[in-house]
Amino acid sequence: MNRKLMAQRLEERGLTNFQIKILLTTMEIPKGRTATYKEIAARAGYPGASRAAGTALRKNPFPIAIPCHRVVKSSGETGSYSGRSNSRIKKELLKKEGAI
DNA sequence: CAACACAAAGTAG
DNA sequence: CTACTTTGTGTTG
């Protein structure tokens with residue numbers, strides 16, 4: 001899975017350029033590392049668009065290919081995942097990876 | 001085109 | 001700590 005292929009698939013799926021950047025950035029988060037919505041948005045080229053980043057991730061078309069579980073709130077909390085507001089599995093997985 | 005929605009962040013108290 | 005304001009983009013009317 002490389003970045004160009006993902007971008008192409010995302011574009012074919014009808015996502016906007018903003019969502020594509022957000023998703024690609026999220027996918028590039030290294031293992032054992034967490035990123036906040038703010039960091040993702042800023043790295044994608046939209047500093048301050050933390051809420052928009054959350055919207056894009058919530059509509060994540062490829063929840064398997066994109067590690068949304070590494071995306072957390074600025075407080076270090078998990079936020080929500082798979083439509084649930086705080087998955088125990090997510091926290092344990094992050095802890096196992098060494099993110100916490 | 002306008003108003004509302006969203007998994008946040010920032011500022012004020 | 002909590003409450004209010006700001007923020008950028010998507011979705012719906």
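Quick note: numbers below take in every heavy atom, side chains included, and nothing from hydrogens, waters or symmetry partners. All chains are named by letter (A, B, ...) in the order of the sequence lines, taking the proteins before the strands, and each is independently numbered beginning at 1.
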Engineer: With a 4.5 Å cut-off on side-chain heavy atoms, are A:L57 and A:L23 touching?
Structural biologist: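 Yes, close enough: below the 4.5 Å cut-off.
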Engineer: Would you mind listing every salt bridge (Lys or Arg N to Asp or Glu O under 4.0 Å) that reaches into residues 25-39 of chain A, with sequence neighbours excluded?
Structural biologist: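 Checked against salt bridge (Lys or Arg N to Asp or Glu O under 4.0 Å) - neighbours excluded - the pairs reaching residues 25-39 of chain A are A:R3-A:E28, A:E28-A:R43, A:R33-A:E39.
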Engineer: Is there a path of hydrophobic side-chain contacts, each under 4.5 Å between heavy atoms of I/L/V/M/F/W/Y residues, joining A:L5 to A:M27?
Structural biologist: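 Both belong to a single hydrophobic cluster.
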Engineer: Please report the shortest heavy-atom distance between A:I40 and A:T25, naming the atom on each side.
Structural biologist: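 Smallest heavy-atom distance, with atoms named: O-CG2, 3.8 Å.
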Engineer: Where does DNA chain C form stems of at least three consecutive Watson-Crick or G-U wobble pairs, each pair having both distances below 3.5 Å?
Structural biologist: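 Only these stems qualify: B:1-6 with C:8-13, B:8-13 with C:1-6.
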Engineer: Return the residues of residues 14-25 of chain A meeting this criterion: a heavy atom under 4.0 Å from some atom of DNA chain C. Order them by number, or give none.
Structural biologist: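 Heavy-atom contacts with DNA chain C come from A:T16, A:F18.
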Engineer: With side chains defined as the heavy atoms from C-beta onward, is the minimum distance between A:N60 and A:T26 less than 4.5 Å?
Structural biologist: no
Engineer: Sort and list the pairs that fulfil ring pair (Phe, Tyr, Trp, His ring centres under 6.0 Å) and have at least one residue in residues 71-92 of chain A, not counting sequence neighbours.
Structural biologist: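 Listed once each, the pairs would be none.
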Engineer: Just to verify, what does A:R13 make a salt bridge (charged side-chain N to carboxylate O under 4.0 Å, His left out) with, not counting sequence neighbours?
Structural biologist: none
Engineer: Under 4.0 Å from any heavy atom of chain A: name the first and the last nucleotide of DNA chain C that qualifies, 5' to 3'.
Structural biologist: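 Listing 5' to 3', DNA chain C meets chain A from C:dT7 to C:dT11.
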Engineer: Applying a strict under-4.5 Å side-chain criterion to I, L, V, M, F, W and Y, I'd like to know whether A:L15 and A:F62 cluster together.
Structural biologist: yes
Engineer: To the nearest 0.5 angstrom, please state how far the CD1 atom of A:I20 sits from the CD atom of A:E11.
Structural biologist: 5.0 Å
Engineer: Roughly how far, to the nearest 0.5 Å, is the CD1 atom of A:I66 from the CE atom of A:M6?
Structural biologist: 4.5 Å
Engineer: Looking at every strand, decide which applies to A:A52 at a 4.0 Å heavy-atom threshold: base, sugar-phosphate, or nothing.
Structural biologist: base
Engineer: Could you write out each protein N or O paired with an N or O of nucleotides 1-5 of chain B at a distance under 3.5 Å?
Structural biologist:
none

Engineer: Could you tell me which non-hydrogen atom of A:A41 sits nearest to which non-hydrogen atom of A:I22, and how far apart they are?
Structural biologist: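 Smallest heavy-atom distance, with atoms named: CA-CD1, 3.8 Å.
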Engineer: Can you tell me which residue pairs pass the salt bridge (Lys or Arg N to Asp or Glu O under 4.0 Å) test with a partner in residues 53-77 of chain A, sequence neighbours excluded?
Structural biologist: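 Every salt bridge (Lys or Arg N to Asp or Glu O under 4.0 Å) pair that includes a residue of residues 53-77 of chain A, provided the two are not neighbours, is A:R70-A:E97.
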Engineer: Going by the side chain to side chain donor-acceptor pair (under 3.5 Å) test, which pairs reach into residues 45-55 of chain A, not counting sequence neighbours?
Structural biologist: none
Engineer: With A:T78, which residues qualify under side chain to side chain donor-acceptor pair (under 3.5 Å), at least two apart?
Structural biologist: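 Applying side chain to side chain donor-acceptor pair (under 3.5 Å) to A:T78 gives A:N86.
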Engineer: Quick test of your reading: applying side chain to side chain donor-acceptor pair (under 3.5 Å), list the pairs with at least one residue in residues 14-24 of chain A, sequence neighbours left out, ordered by first then second residue.
Structural biologist: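 Residue pairs with at least one partner in residues 14-24 of chain A: A:N17-A:K21.
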Engineer: Identify whether any heavy atom of A:G79 sits under 4.0 Å from a base atom; if not, whether one sits that close to sugar-phosphate; answer base, sugar-phosphate or nothing.
Structural biologist: nothing
Engineer: Quick test: give all pairs of protein nitrogen or oxygen and nucleotides 9-13 of chain B nitrogen or oxygen below 3.5 Å, distance rounded to 0.1 Å.
Structural biologist:
unit_1 : atom_1 : unit_2 : atom_2 : d
B:dA9  : OP1    : A:S74  : N      : 3.1
B:dA9  : OP1    : A:S74  : OG     : 3.0
B:dA9  : OP2    : A:S74  : N      : 3.3
B:dA9  : OP2    : A:S74  : OG     : 2.4
B:dA9  : O3'    : A:K38  : NZ     : 3.3
B:dG10 : OP1    : A:K38  : NZ     : 2.1

